[in-house]
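Here is how names work: the chains are called A, B, and so on, in the same order as the sequence lines, proteins then strands, and each is numbered from 1. Here the structure is a predicted model, which is why all the values come from computation and not from measurement. Any value given below was found using the heavy atoms of this structure, including those in side chains, with hydrogens, waters and symmetry copies removed.
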Amino acid sequence: MARPDLLDPVLGDLDARIRTALDAAELPAADPDLEKPKQPEHGDWATTAALRLAKPAKRNPREVAQLIVDHLDVPDVVEEVSIAGPGFVNFRFAHRYHEELVHRVIEAGAAYGSSRKPQDEQRRVNVEFVSANPTGPLHVGAGRWAATGDAIAALLEATGDEVVREYYVNDAGEQVRIFGESVVLTAAGEDLSDEHYRGAAIAEVAAELREQHGDELFERQPGDDDLVGDDAAAVVHDGQALRDGDTDVGTAAGDARVHPGIAARVGVLGVEAMRQRIEDVLHELGVDFDVWYSEREGLHASGAVEETVAELRERGVAYETDGALFLQTTEHGDDKDRVLVRSDGRPTYFASDCAYLRDKWSRADQLYYLLGADHHGYVARLKAAAACLGLPPERVEIRIGQLVNLLRDGQPVRMSKRAGETIDLDEVVDEVGVDVVRYHFLRQGLDTAVDFDLAVVARQSMDNPVYYVQYAHARINSLLRMADERGFDHGELGDADLSLLDHPAELELLSAMAQLPVIVAEAAELRATQRLARYAEELAGTFHRFYTECRILAPADATEEERAAAEELGRARYWLAVAAKQVLANALGLLRVGAPERM
RNA sequence: GCCCCCGUAGCUCAGUGGAUAGAGCACCGGCCUCCGGAGCCGGAUGCGUAGGUUCGAUUCCUACCGGGGGUGCCA
């Protein structure tokens with residue numbers, strides 16, 4: 001567990017005392033690592049320090065545990081310390097701890113669960129995710145990266161880092177020209193060849209551009225023969241081939257029916273239109289990026305690629321062979337050296353990657369990439385590139401997520417390359433809803449391939465645990481509303497006698513609520529959104545049990561005497577419910593999943 | 001060929017070297033005179049195989065078996 005003192009003042013104090021005890025017992029220093037025992041009867045919190053210190057101390061774990069207990073200055077709030085199992089030290093807290101928790105939660109409000117770091121430990125983290133090519137609509141898989149990247153960013157923010165959510169827009173290179181050709185040909189109703197992009201979205205972009213710019217957009221214009229100085233020049237990496245009016249661009253001849261100048265000009269506009277559509281869909285999904293980083297503007301037009309190549313040469317990590325410039329990535333674990341500049345002078349995409357890495361590093365001190373498994377081959381070369389640029393490897397973190405299988409009733413939804421038969425992210429979001437899409441991806445680890453079955457996921461049942469969690473939240477809200485309607489006198493939090501909360505269901509709920517800060521810290525550290533999602537499910541479960549077993553409001557037909565008798569306990573429970581609602585809302589909020597007031 | 005991921009209950013999945021491995025779904029049986037039954041309670045079954053490291057392995061290492069995916073060109 002990271003820094004308990006930042007998460008919970010009581011745990012922080014206990015943590016410090018354990019450290020002192022280790023020192024006094026002349027045991028090696030160690031992180032006390034407080035955790036919640038699996039079995040409630042073992043207490044509220046436990047430490048495994050003795051287990052982990054057994055080896056360095058060369059003693060058996062129970063002996064070490066005894067030493068810790070003997071030297072521990074037990075805080076007042078701990079009622080009972082015991083040694084159990086192989087060497088756990090268990091702590092049972094006084095009821096006062098739980099009572100204070102209710103106050104802490106309600107006072108902290110939306111901030112409960114989040115923590116700050118000391119200034120010097122705060123990092124500027126650049127989180128890049130999705131970054132799908134703007135040559136077509138987002139598919140369902142992109143939804144996974146969107147939801148996960150966004151939630152990881154939120155978790156990092158919740159643990160005190162400063163985060164930038166960034167989308168890298170591949171709007172340079174031959175794919176832009178090809179995209180431009182695709183738009184032009186589609187607009188003209190002509191046949192497309194195998195290399196072209198197709199589909200309903202392309203047609204829509206073509207129509208949109210025609211509307212905005214008129215038919216002349218697709219016709220030859222004066223500048224088309226001389227692209228130098230134009231935005232479009234950066235589309236073709238060096239622009240050289242076009243300066244002489246040559247229609248051959250690099251190695252790809254291009255489509256003879258579309259002048260490369262037109263293709264480049266339309267491509268730039270088309271790619272931007274497609275990017276805008278992507279931005280809109282992501283916004284619908286609740287994901288908003290801070291930075292949309294244009295490869296063309298940021299890396300090519302700015303000269304950053306050239307600068308980076310020059311820097312790599314200066315560093316002596318690049319060499320020329322057969323007219324091409326290679327980067328020595330094998331020095332840092334890559335399979336083979338990678339080409340930066342082709343023999344014809346055009347830089348590779350890899351050169352852009354290097355320039356981008358360099359640019360990001362100037363803006364952040366920790367780089368996080370979330371990539372799909374189809375890009376796992378990039379990891380080694382990207383890390384090597386970072387090393388060649390002199391960046392500390394531990395500050396460049398690349399995570400690979402397994403891909404998504406889109407199904408309907410167990411049958412794969414085939415992605416036909418031929419026109420319009422794919423199901424895109426926007427359609428899925430419309431069909432099943434934002435919260436379902438996001439939660440479905442967030443509750444599973446990145447290493448697991450996700451089956452996204454439209455039929456299963458559309459069901460509003462426990463096939464969809466998001467409803468279970470949201471239902472708990474809505475239920476609490478309903479309860480509080482009902483209390484108001486019936487004129488229940490809940491008083492102020494300070495007036496409630498929380499010591500009355502001693503039912504097992506109440507204690508379990510309190511104990512679950514106390515865990516949120518720890519769960520958030522762990523989930524952030526591991527970049528594991530499923531930790532938080534599973535916790536939310538558990539918390540919802542403890543609330544449902546509490547709700548079933550513990551009445552808050554007297555029955556509608558209760559007599560005055562019954563009502564009065566139940567009032568004080570009801571007040572305590574009312575505030576417990578208020579706090580539980582807050583914790584549920586915070587957990588859902590960090591996942592960016594809605595916490596509805598009613599369903 | 002090379003690389004990555006996975007293998008835990010009938011199914012879908014949690015479980016960052018520690019206590020009796022957990023949820024949901026499905027199946028069976030219970031629970032509302034009462035705050036939302038989208039709920040609660042009870043019930044069976046499991047760490048792919050074989051080694052290794054360790055006081056202790058579902059977790060780490062090796063091999064094998066099975067499943068999924070990626071990649072082979074100076075994109």
Discussion item. Counting only side-chain nitrogens and oxygens, does A:Thr548 get under 4.0 Å of the OP1 or OP2 atom of B:C40?
Written reply: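 For A:Thr548, the contact criterion (side-chain N or O under 4.0 Å from OP1 or OP2 of B:C40) is not met.
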Discussion item. Would the distance check show the side chain of A:Thr48 and the main-chain N or O of A:Leu51 forming a donor-acceptor pair, the cut-off being under 3.5 Å?
Written reply: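 Not confirmed, A:Thr48 side chain does not pair with A:Leu51 backbone.
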Discussion item. For a quick check under 3.5 Å, do A:Ser193 and A:His196 share a side-chain donor-acceptor pair by atom type?
Written reply: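 Note: A:Ser193 and A:His196 side chains meet the donor-acceptor criterion.
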What does [X] touch in the nucleic acid at a heavy-atom separation under 4.0 angstrom: a base, only the sugar-phosphate, or nothing?
X: A:Arg481; answer: nothing
X: A:Gly445; answer: sugar-phosphate
X: A:Arg545; answer: sugar-phosphate
X: A:Tyr547; answer: base

Worksheet item: Does the ring of A:Tyr378 carry A:Arg381 above it, NZ/CZ under 6.0 angstrom from centre and within 45° of its axis?
Response: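 Positive - A:Arg381 is close enough to the ring of A:Tyr378 and near enough to its axis.
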Worksheet item: If you check the A:Met482 side chain, which of B:A75, B:G36, B:C13 turns out closest?
Response: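 My answer, after comparing the listed nucleotides, is B:G36.
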Item to complete: Identify, between A:Gly541 and A:Pro555, the residue whose nearest nucleotide on RNA chain B lies closer to the 5' end.
Response: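 Its nucleotide being nearer the 5' end, the pick is A:Pro555.
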Atom pairs, N/O to N/O, protein against nucleotides 17-20 of chain B, distance under 3.5 Å?
| residue | atom | partner | partner atom | Å |
| --- | --- | --- | --- | --- |
| B:G18 | O6 | A:Leu51 | O | 2.8 |
| B:A19 | OP2 | A:Lys38 | NZ | 3.0 |
| B:A19 | N6 | A:Asn90 | OD1 | 3.2 |
| B:A19 | N1 | A:Asn90 | OD1 | 3.2 |
| B:A19 | N1 | A:Asn90 | ND2 | 3.0 |

Item to complete: Determine which bases of RNA chain B form Watson-Crick or G-U wobble pairs with both distances under 3.5 Å, and write the result as a 5' to 3' dot-bracket string with | for other-strand partners.
Response: (((((((..((((....[...)))).(((((.......)))))....(((((..]....))))))))))))....
Dump every N/O contact between nucleotides 3-9 of chain B and the protein below 3.5 Å, one line per pair.
| residue | atom | partner | partner atom | Å |
| --- | --- | --- | --- | --- |
| B:C3 | O2' | A:His376 | NE2 | 3.3 |
| B:C3 | O2 | A:His376 | NE2 | 3.1 |
| B:C5 | O4' | A:Gln402 | NE2 | 3.3 |
| B:C5 | O2' | A:Asp447 | O | 2.4 |
| B:C6 | OP1 | A:Asp447 | OD2 | 3.4 |

Worksheet item: Ring centroid separation for A:His544 and A:Tyr471, is it under 6.0 angstrom?
Response: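 Yes, the ring centres sit under 6.0 Å apart.
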